Amino acid sequence: MDFLDISIHFLNFVAPALVLALLMPLTGRLMRRHQRGSPSWWVQVAINALVGVITLALGFWLMGRDGKMTAYGALVLAMASSQWLLLRAWR
């Protein structure tokens, strides 16, 4: 495999986490107004993307292959929890 193939495989691996990380803060702004003390949208995207990629990598490591629905379910739960903490929604 050459560098282009490896890059395409890696981008396809992290694409669900990156898309979800981008959509969560943007749709969150439609649902609720910006709270005082919550980080800006690009900080939320960066933190959610990091949480998502780590979750997918852990799912890949634990299950031995990519694309398991359990890993995608964990991705959604981890990123929703991360967004909830970032917005301080418990207040």
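Treat the numbers as computed from the prediction; the structure is a model and nothing was measured.
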Please find the pair of heavy atoms, one from [X] and one from [Y], that lie closest to each other, and give the distance.
X     : Y     : answer
Ala49 : Ala21 : N-CB, 3.5 Å
Pro16 : Phe13 : CD-O, 3.6 Å
Pro25 : Val45 : CG-CG2, 3.7 Å
Gly59 : Ala71 : CA-CB, 4.2 Å
Gly52 : Ala17 : C-CB, 3.6 Å

Margin query: Among Leu18, Val19, Leu26, exactly one meets side-chain contact (heavy atoms from CB on, under 4.5 Å) together with Leu22. Which residue is that?
Written below: Leu26

Checklist line | Single hit among Leu56, Val51, Leu58 for side-chain contact (heavy atoms from CB on, under 4.5 Å) with Ile54 | finding: Leu58

Notebook entry, point to check: Looking at residues at least two apart in the chain, or sitting in another chain, which of them share a side-chain hydrogen bond (donor to acceptor under 3.5 Å, both in side chains) with Trp61?
Noted result: none

Notebook entry, point to check: Excluding sequence neighbours, so at least two apart, what forms side-chain hydrogen bond (donor to acceptor under 3.5 Å, both in side chains) with Thr55?
Noted result: none

Note to self: Side chains of Gln83 and Leu86, heavy atoms from C-beta outward: is any pair under 4.5 Å?
What the structure shows: yes

Check: Quick one: are Leu85 and Ser82 in side-chain contact, heavy atoms under 4.5 Å?
Finding: no

Checklist line | Between CD1 on residue Ile8 and CG on residue Asp2, distance to nearest 0.5 Å | finding: 8.5 Å

If Ile, Leu, Val, Met, Phe, Trp and Tyr residues are connected whenever their side-chain heavy atoms lie under 4.5 Å apart, and connections chain through other members, are [X] and [Y] in the same group?
X     : Y     : result
Leu50 : Val53 : no
Met79 : Leu77 : no
Phe10 : Phe3  : no

Notebook entry, point to check: Checking Asn48 side chain against Gln44 main chain: does a donor-acceptor pair fall under 3.5 Å?
Noted result: yes

Please set out all donor-acceptor pairs under 3.5 angstrom arising from side-chain atoms of residues 63-70, sequence neighbours excluded.
none

